[in-house]
There are 2 protein chains.
Amino acid sequence: MDLIDLGAAGAKPADFDEILDRIRQKFGFDHAAYAGSNLIAGTIHAYVTYPEQWKQLYLDEQLHLYDPTLATAARSIAPVHWARLEKTQNFDRVFRNAADFGIVPQGLTIPVRGPYGDVGMLSVTRNCKTDEWNGLIPTILSELQSIAVHVHDGAMRSHTLTRTLHAPHLSTREIEILQWTAAGKSQQDVGDILGISHRTVEVHLRSGRHKLYALTTPQAVARAIAMGMIYPL
Amino acid sequence: MDLIDLGAAGAKPADFDEILDRIRQKFGFDHAAYAGSNLIAGTIHAYVTYPEQWKQLYLDEQLHLYDPTLATAARSIAPVHWARLEKTQNFDRVFRNAADFGIVPQGLTIPVRGPYGDVGMLSVTRNCKTDEWNGLIPTILSELQSIAVHVHDGAMRSHTLTRTLHAPHLSTREIEILQWTAAGKSQQDVGDILGISHRTVEVHLRSGRHKLYALTTPQAVARAIAMGMIYPL
DNA sequence: ATTGATATGCGGTGAATCCCGTATAGGTTG
DNA sequence: CAACCTATACGGGATTCACCGCATATCAAT
């Protein structure tokens, strides 16, 4: 089984378009799309194989705000089968427009989430008989899930690599104390846990704030999470 | 390809133990483990096929705080191959203890994240020749990825079925104030910016902490970032 | 029409945090 | 070997935060 290697450093937008096209050709989909949000970089990025006119209409009408495939996947852990979407007004609004381009409500959206609130969604669709679709999906779902993870990983890496190079260095004590702070412990609590004075805890927090160019401890926690030094608990 | 259906409503802990055992037997792993955190319910749950004595030692020594497989996967989108873990003091601490139980640093941890800051990690390990391990993993990685998603989905459902599932709803004011707080502003600063008293700012912060089940403001900031409500600045 | 919940606003007080200092030990560099 | 830097440790006092109250307005349910 030939997995598409997407984790390579330095992947560019052209690469993503190529990756999606290869997904489309390999599995026989009409279209494939990847939409991702990067909170750290403050960007939303999308790569699609849809026709240019549909893309334009989608943007002009801001259909991403109503797209039930994205909204439902945003609240799901598992892949979302479009057949299970509720037939709401938003559903009609998006798919009535899409029908003009031969895009049918038969598809799949796979959400993937990163550690800093970033989300990527890989969508695929194909206009074919229901039996054929239902026969195809179970045989490739696992591979699509894996591909979705790697597409998102690649998209995030292409943004965060340059930021990581400038990450300030925090000592193990500073990181440890920031981690406990992010977990809801007071300075006294942290002192008790680590067997040091709460004063000492304060010194390390101050030092951490300084290194992260943060004015306050909550800001230091926010930045440490963004830089992958600690994680939310 | 026989996918294990884990999304069935009402899965119980015994079911998870059985699921992990089936994963172990199907793929020939020595052990399989699933550790998940549910920020909304404020719980951490784990199901493992490890020997009882190792489980006890792991808990007694609180090794989950030092486990590099969890820490690294917590910061990753893609699956984490244990071979790539840094040989730190924490690494030695965990795997030196684990060696007494025949558990080797040859494994894989797959992180899966849900829409409300919840994270699940599926770990598998096997004590065999490196060549054998490296030959096995690529052939089943996609399927494991899919299984991890479904295990986590099932774990979350088993909690949300008993509790009302909803992302904590924060008011626009609460989110706005948390955002400014994460940006390094003091309560007085935020009050000045929004034209309200710093007391009022404190009330919204307290309300936000309550809704996010956070003990402190830094913890609320951390969770709000994890849930995609605000972002680091 | 009443009740309850939520959103938004504010004050007094004590605890916690932060800023200003202090110290020793170990490692690196000239 | 001395100087400098980093890591790690602590105290006093001022400021900020958090907890305990209070209030009005709006909306939804009964």
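The sequence lines fix the lettering, A, B, ..., with proteins before strands; numbering per chain opens at 1.
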Q: Treating Gln145(B) as the side-chain partner and Leu141(B) as the backbone partner, does any N or O pair qualify as donor plus acceptor under 3.5 Å?
A: no
Q: Pick the nucleotide of DNA chain C nearest each of Ile196(B) and Thr216(B); which residue has the one closer to the 5' end?
A: Ile196(B)
Q: Think Thr172(B) has a side-chain N or O under 4.0 angstrom from the OP1 or OP2 of dT8(C)?
A: yes
Q: Among dC17(D), dC18(C), dG21(C), find the nucleotide with the atom closest to the side chain of Ser186(B).
A: dC17(D)
Q: Rounded to whole Å, please give me the gap between CD1 in Ile177(A) and P in dC18(C).
A: 12 Å
Q: Note down the inter-axis angle between the two ends of the helix from dA1(C)-dT30(D) to dG30(C)-dC1(D), five pairs each, to the nearest 10°.
A: 50°
Q: Measuring to OP1 and OP2 of dG9(C), would you say a side-chain N or O of His204(B) lies under 4.0 angstrom away?
A: yes
Q: Specify the separation, in whole Å, of atom NE2 of His210(B) and atom P of dC20(D).
A: 12 Å
Q: Rounded to the Å, how far apart are His198(B) NE2 and dT13(C) C1'?
A: 13 Å
Q: Is the phosphate of dA9(D) approached by Arg173(A) (side-chain N or O, under 4.0 Å from OP1 or OP2)?
A: yes
Q: Whole-Å distance between dA7(C) P and Leu170(B) CG?
A: 8 Å
Q: I want to verify a distance call: between dC20(D), dA18(D), dC10(D), whose nearest atom is closest to the Arg206(B) side chain?
A: dC20(D)
Q: In whole Å, I'd like the distance from the CG atom of Leu205(A) to the P atom of dC10(D).
A: 14 Å
Q: Grab the CG-P distance between Leu178(B) and dA18(D) for me, whole Å please.
A: 11 Å
Q: Under 4.0 Å from OP1 or OP2 of dA9(D): is there any side-chain N or O of Ser197(A) that close?
A: no
Q: Show the nearest heavy-atom pair for residues Ile103(A) and Trp54(A), with the distance to one decimal.
A: CD1-CD1, 3.5 Å
Q: Does dT17(C) have its OP1 or OP2 closer than 4.0 Å to a side-chain nitrogen or oxygen of Arg209(A)?
A: no
Q: Output the single nucleotide from dA7(C), dT8(D), dC20(D) whose closest atom is nearest the side chain of Ser171(B).
A: dA7(C)
Q: Checking the side chain of Arg209(B) only, and the main-chain atoms of His204(B) only, is there a donor and an acceptor separated by less than 3.5 Å?
A: no
Q: Quickly work out the His169(A) NE2 to dT6(D) P distance and round it to whole Å.
A: 10 Å
Q: OP1 or OP2 of dT15(D) less than 4.0 angstrom from a side-chain nitrogen or oxygen of Gln188(B), does that happen here?
A: no
Q: If I compare all heavy atoms of Leu85(A) with all of Thr72(A), which pair ends up nearest, and what's the gap?
A: CD2-OG1, 3.4 Å
Q: For Phe91(A), does the six-membered ring have the charged nitrogen or CZ of Lys87(A) within the cation-pi criterion, i.e. under 6.0 angstrom from the centroid and within 45° of the normal?
A: yes
Q: Take atom CD of Glu202(B) and atom C1' of dT16(D), then tell me their distance rounded to the nearest Å.
A: 11 Å
Q: Working note: Arg199(A) + Glu202(A), criterion salt bridge (charged side-chain N to carboxylate O under 4.0 Å, His left out); need CA distance, chi angles, decisive distance, verdict.
A: CA-CA 5 Å; Arg199(A) 302 280 200 202; Glu202(A) 198 271 317; over 6 Å; no
Q: Would you kindly check whether a donor in the side chain of Arg199(A) faces an acceptor in the base of dG12(D), or vice versa, at under 3.5 angstrom?
A: yes
Q: Side chains of Ile77(B) and Pro111(B), heavy atoms from C-beta outward: is any pair under 4.5 Å?
A: no
Q: Do Met229(A) and Leu212(A) make a side-chain contact, defined as non-hydrogen atoms from C-beta onward lying under 4.5 Å apart?
A: yes
Q: Within less than 4.0 Å of OP1 or OP2 of dA7(D), is there a side-chain N or O belonging to Lys211(A)?
A: yes
Q: Ignoring backbone atoms, test whether Gln187(B) places a side-chain nitrogen or oxygen under 4.0 Å from the OP1 or OP2 oxygen of dT15(D).
A: no
Q: Below the 4.0 Å mark, does dT17(C) have OP1 or OP2 next to a side-chain nitrogen or oxygen of Thr217(A)?
A: no
